[in-house]
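Okay, structure first, notes after.
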Amino acid sequence: MSPQAKFISLFVFCVGMALLLARPLGHYIAAVMGDSKARIPKLLERGERSLYRLAGVDPNVEMSWFRYARALLVFNLFGALLLYALARLQAHLPMNPQGFAAMTGDLSFNTAVSFVTNTDWQAFSGESAASYFTQMAGLALQNFLSAATGLAVAIALIRGFKRTGAKLIGNFWVDATRASLYVLLPLSLLLAVMLAGQGVIQNFESYKTATTVESLHYDNPKFDAEGNGLKDAAGKPLTGPAVSRAQILPMGPVASQEAIKELGTNGGGFFNANSAHPYENPTPFSNALEIIAILLIPFALTFAFGTLIGDTRQGVALLCAMLVLFATLAGVGFAAEQRGNPLLATLPIDQSASPSQSGGNLEGKETRFGIAGSTLFAAATTATSTGAVNSAHDSFMPMGGFVPMFLMQLGEVAPGGVGTGLYSMLIFAILGVFIAGLMIGRTPEYLGKKIEAQEMKLASIFILTTPILVLAGTAIAVMSDAGAGAVSNPGPHGFSEILYAFTSAGNNNGSAFAGLSANLPFYNVALGLVMWLGRFWPIVATLAVAGSLAAKKRVPVSEGTMPTHGPLFIVLLIGTILLIGVLNYVPALALGPVAEQFQLLAQ
């Protein structure tokens, strides 16, 4: 089978399975999260009510958009403080068999903000810095709660479109609870069992020491009696030959965290190698399972949207726009990596064909996944807000690295994260019908609601917040010694590493170009601030849009109403997304991956 056929087969299998499962899951989400709640087994319903009583929440009292936003912000701020405390105190907490010390203050701040915002940017190695207790009670818990927060916001916005003359958009505590109990938790339990069946580990044992078949020869630094490194007359460290036949094998409760990491579009790895580690992603089938899990809930939410508003065609239109963007950019990424480095190209037998690197660019990729499994995984994790990696994005070809970066810069709407993808796409839909209204001289409408000045102001805030954070953060990092000094690769690729970092943080993705030394006070604080503002400022704007729409009366469909479920609207929506992405980011991309591509071709 040719490489192209392998990629197409894998794409069709993963996307096809995700779509096949998405429809029934979408109807289920609509049933348990909608206004007319589905019947839940009595045992689960009692458990839900017990949680409300314990928290002092009246599930029958709904909130205005402002109260909803306030509850959401307070809840997530408390989660960040709790996770910060766990990171700082983990040396004194249980389930720390390796005796890991506390994380530094700036690293704890970055980690707390990262996981609460669904970013899961990791400036630390999980297997050498985080105890089992921190991983489970801190990181894994926030994987559930951050995904539930995004899902709650999406449902609140749907209510804004559905309701007429209303001041209330739901109860955040009820939405977040039901999202966790009835959607995220059962799916995660099922996926965790499936991953464990593929070889993903799940235990609480101490790390193991294994004897290797071959000896490892290396240079070991020399130290004095006080533990200080010795240096020669030229100031270089003194080393001596050493041999080892021992390797430390990390253990831990990985399968349970891996499941919600992918289903919740979180992306934080139990190990530093993330989904390239064989304990997290051991087989090609587990790799396909994880891709399906990443895409599943975002796809399902389009069906839930259509069901809740009473017009399934509207959800299908959004889904089609998502699929076109995802398939196109995933194909571009695969083509760039399969062609490989032109400096290593071999002439093809057919002289009319272009020369390409034999076997493609396999640098930084696991051979068990190959180029197809690596590039599709990279596209899936950056088209959503997952940020997990099974290969080194920093080792991709310039245009191969451009694809995941640009997918994030489009706002992660193809299909986006849990909740975030749907509400981001709906904001772009509002902008799209506004542009169409300007072209024909009519007041724009979407789903029976007039789109007026207030909605456009809020949509502008939503759309411009992330680019401002990303571009301003990148500019400050490039101009400062602390920011530029962390780059290990000079030139356009080094700029791409910084731009990728702030793009990932601002869009709450979490993946990275590994050449950037990010565990520094400058980056820990700067990226932490960008993650927080990039997450919650757009959420507040979205909830304000929901409140504004809910208060409006429904406008009857007329001959001048633009259909928002056909091919014309899908093309308009895709064009709007691409236009915004190009206008915001192309100048910066021209200094990074585009310049690097031309530099490579010129050699």
Side-chain angles (χ1 to χ4, degrees), residues 25-26 28-35 37-59 63 68 71-80 82-83 115-120 135-159 170-193 253 255-268 293-294 296-298 300-301 304 308 384-386 417-423 508 535-536 539:
L25 178 60
Y28 170 75
I29 292 174
V32 298
M33 299 293 296
D35 290 339
K37 304 287 192 295
R39 278 194 67 83
I40 302 295
K42 289 186 178 180
L43 181 62
L44 294 178
E45 191 175 7
R46 288 173 187 165
E48 182 186 355
R49 289 177 180 174
S50 298
L51 289 175
Y52 296 145
R53 284 195 297 270
L54 185 64
V57 171
D58 186 348
M63 303 174 175
Y68 199 104
L72 182 150
L73 291 173
V74 169
F75 176 69
N76 283 275
L77 178 60
F78 178 79
L82 177 61
L83 184 49
F115 279 80
V116 166
T117 59
N118 199 249
T119 310
D120 289 24
Q135 291 269 18
M136 296 174 64
L139 309 185
L141 175 63
Q142 289 304 323
N143 282 348
F144 278 96
L145 299 182
S146 62
T149 296
L151 183 52
V153 174
I155 296 299
L157 181 57
I158 293 173
R159 292 194 187 106
N171 186 312
F172 169 73
W173 307 112
V174 174
D175 290 340
T177 300
R178 296 182 75 88
S180 300
L181 284 181
Y182 303 137
V183 180
L184 299 171
L185 186 57
L187 288 175
S188 296
L189 287 171
L190 177 61
L191 181 60
V193 172
S256 55
Q257 188 160 321
E258 189 74 10
I260 187 57
K261 157 191 164 180
E262 311 296 17
L263 283 166
T265 61
N266 297 282
I294 290 166
L296 178 58
I297 297 179
L301 283 175
L308 288 171
T384 62
S385 61
T386 310
V418 172
T420 60
L422 179 63
Y423 68 68
N508 303 128
R535 171 72 165 179
F536 294 112
I539 278 180

Do you know the tightest heavy-atom contact between [X] and [Y]?
X: Tyr68; Y: Ala152; result: OH-O, 3.2 Å
X: Ser180; Y: Pro186; result: O-CD, 4.3 Å
X: Arg178; Y: Tyr52; result: CG-OH, 4.0 Å
X: Pro298; Y: Thr384; result: CG-CG2, 4.4 Å
X: Ala259; Y: Ala192; result: CB-N, 3.7 Å

How far does [atom1] of [X] sit from [atom2] of [Y], to the nearest 0.5 angstrom?
X: Phe172; Y: Leu73; atom1: CZ; atom2: CG; value: 9.0 Å
X: Gln257; Y: Ser188; atom1: CD; atom2: OG; value: 11.0 Å
X: Leu44; Y: Arg49; atom1: CG; atom2: CZ; value: 12.0 Å
X: Tyr423; Y: Leu301; atom1: OH; atom2: CG; value: 11.5 Å

| Residues Lys261 and Glu258 bridged, charged N to O under 4.0 Å | yes
Between [X] and [Y], is any pair of side-chain heavy atoms under 4.5 Å apart?
X: Leu191; Y: Ile260; result: no
X: Val418; Y: Val183; result: no
X: Ser146; Y: Arg535; result: yes
X: Ile297; Y: Leu184; result: yes
X: Thr117; Y: Phe536; result: yes
X: Arg159; Y: Asp175; result: yes

| Residues which pass side-chain contact (heavy atoms from CB on, under 4.5 Å) with Leu308, listed by chain and number, not counting sequence neighbours | Ala30, Ile155, Ile158
| field | Derivation and outcome, side-chain contact (heavy atoms from CB on, under 4.5 Å), residues Leu72 and Ile539 | value | CA-CA 9 Å; Leu72 182 150; Ile539 278 180; 4.0 Å; yes
Short question: side chain of [X], backbone of [Y] - any donor-acceptor pair under 3.5 Å?
X: Asn143; Y: Asn266; answer: no
X: Thr265; Y: Ser385; answer: no
X: Tyr182; Y: Met33; answer: no

| Given Leu51 and Leu181, is the side-chain contact (heavy atoms from CB on, under 4.5 Å) satisfied, shown in steps? | CA-CA 11 Å; Leu51 289 175; Leu181 284 181; 3.9 Å; yes
| message | Under the criterion side-chain contact (heavy atoms from CB on, under 4.5 Å), I'd like the reasoning laid out for Leu187 against Leu25: C-alpha separation, chi angles, the key distance, then a yes or no. | response | CA-CA 10 Å; Leu187 288 175; Leu25 178 60; 4.1 Å; yes
| Can Thr149 and Asn118 be counted as having a side-chain donor-acceptor contact under 3.5 angstrom? | no
